[in-house]
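Atom set for the values below is all heavy atoms of this structure, side chains included, hydrogens, waters and symmetry mates excluded.
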Amino acid sequence: MNNLNILVIAGSARQGSLNRKLADAAAAMAGAAGMRAVQLDLRSLELPVYDGDLEKASGVPAGAHRLLLAVQECDCVLLVTPEYNGFPTPLVINAFDWVSRIVASPAGPAGLAVTANKPAGLMSASPGAGGALRSMNFLRQYLQMAFAMIVVPQQFALGKAHEAFDEAGVLKDARTAQAVGGVLDSLAHLARALNTDR
């Protein structure tokens, strides 16, 4: 996994978020495996809910350009999101909706040009037994169809996530850590293959 940059994004920004804990654990594991893990807090982007009138009046917010730059600078993206009524969080969808509105300019490429063929991996966590699996299924479709990202088949849904971490935020169960590592390995393998082809 050496020399790869991975952007890790948690789909929940609230205090004590289980998905944020899983994102932290995955980032730590990626770092231990030799990757450079960069975590991005979507809330810090301060993005308003997408509104065409707002875009027309003020343009695309700076936060969307920050997200686009982070995606552009990484070799792959790992999204870790809970589900809200079976869907990915509005925090994730809204952020990427804004990115899709960025057009090419002398300052940089269009948002959809940056996301095209970018490797992505998915994880989710929930106190329930399903581990927010439904959100990943919808998010996979959204990223592949709307953004032309290449989402690896391997994914991981962490059920009973409130019992999965010790006080230091480390995953207690070796099989769970192995599953997280499997997603990271698959993502790194794809990113490396695509980098070789370029």
Interatomic distance, OG1@Thr176 vs CG@Leu171, rounded to 0.5 Å, equals 6.0 Å

Checklist entry - Should the heavy atoms of other residues, nucleotides or ligands under 6.0 Å from NE2 of His65 be counted, would the total exceed 12? => result yes

- Looking only at atom types and distance, does a side-chain atom of Ser135 sit under 3.5 Å from a main-chain N or O of Ala132, one as donor and one as acceptor? yes

Closest non-hydrogen atoms of Asn117 and Leu194, given as atom of the first, atom of the second and distance, are O-CD1, 3.6 Å

Looking only at heavy atoms, the pair that brings Leu187 and Gly121 closest together is CD1-N, 3.7 Å

*Is Phe96 linked to Leu91 within one hydrophobic cluster, defined over Ile, Leu, Val, Met, Phe, Trp and Tyr using a side-chain heavy-atom separation of less than 4.5 Å?*
yes

### Query
So, do Leu143 and Leu79 sit near enough that their side-chain heavy atoms are less than 4.5 Å apart?
yes

- prompt: So, the side chain of Thr81 versus the backbone of Ser124: is there a donor-acceptor pair under 3.5 Å, distance only?
  reply: no

query = Is the number of heavy atoms from other residues, nucleotides or ligands within 6.0 Å of CD (Gln178) greater than 12?
reply = no

message: With a 3.5 Å distance limit and no angle check, can you tell me whether Gln155 reaches the backbone of Leu122 through a side-chain donor-acceptor pair?
response: no

Residues, nucleotides or ligands: over 12 heavy atoms within 6.0 Å of Lys56 NZ: no

Looking only at heavy atoms, the pair that brings Pro48 and Asn94 closest together is O-ND2, 2.9 Å

dist Leu190:CG -> Gln154:CD (nearest 0.5 Å) comes out at 9.5 Å

- Task: Give a yes or no on whether Leu133 and Val180 share a hydrophobic cluster (residues Ile, Leu, Val, Met, Phe, Trp, Tyr; joining criterion: side-chain heavy atoms under 4.5 Å apart).
- Result: no

Taken to the nearest 0.5 Å, the spacing of Arg20 CZ from Asp41 CG works out to 4.5 Å

- Looking at side-chain heavy atoms only, is the closest gap between Leu158 and Phe165 below 4.5 Å? yes

So, Arg140 side chain and Val151 main chain: donor-acceptor pair closer than 3.5 Å or not? yes

field: Check: Asn19 side chain, Gly11 main-chain N or O, donor-acceptor pair, under 3.5 Å
entry: no

Practice problem: Indicate yes or no: at least one non-hydrogen side-chain atom of Arg36 is less than 4.5 angstrom from one of Leu4. | Solution: no

The reported gap from CE in Met149 to NZ in Lys118 (rounded to nearest 0.5 angstrom) is 7.5 Å

Cluster membership besides Phe87, Ile/Leu/Val/Met/Phe/Trp/Tyr side chains within less than 4.5 angstrom, sorted by chain and number, is Phe138

Q.
Please say yes or no: joined through hydrophobic side-chain contacts below 4.5 Å, possibly via intermediate residues, are Leu67 and Leu54 part of one cluster?
A. yes

Distance col, row Leu18:CG vs Ser126:OG, nearest 0.5 angstrom, shows 7.5 Å

Indicate yes or no for a side-chain donor-acceptor contact from Arg66 to the backbone of Ser44 under 3.5 Å, with no hydrogens or angles considered. yes

Does any donor atom in the side chain of Asn5 or Glu73 lie under 3.5 Å from an acceptor atom in the other side chain? no

Honestly curious: do Val170 and Leu78 fall in one hydrophobic cluster under the side-chain, below-4.5 Å linking rule?
no

Does a side-chain heavy-atom distance below 4.5 Å link Leu139 with Val92?
yes

Closest non-hydrogen contact found for Val60 with Glu55 is CG2-OE2, 4.2 Å

Q.
With heavy-atom distances below 4.5 Å as the criterion, would you say the side chains of Val77 and Thr115 are in contact?
A. no

Of all heavy-atom pairs linking Leu112 and Ala146, the shortest is CD2-O, 3.5 Å

All heavy atoms of Val8 vs all of Ala27, minimum pair found to be CG2-CB, 4.2 Å

Is a side-chain donor or acceptor of Asp75 paired with a backbone partner of Asn195 at a separation under 3.5 angstrom?
no

Distance col, row Leu68:CG vs Arg101:CZ, nearest 0.5 angstrom, shows 14.0 Å

* Any chain of hydrophobic side-chain contacts (each under 4.5 Å) joining Val71 to Trp98? -> yes

*Taking atom types as modelled, is there a side-chain donor on Asp97 or Tyr142 under 3.5 Å from an acceptor on the other?*
yes

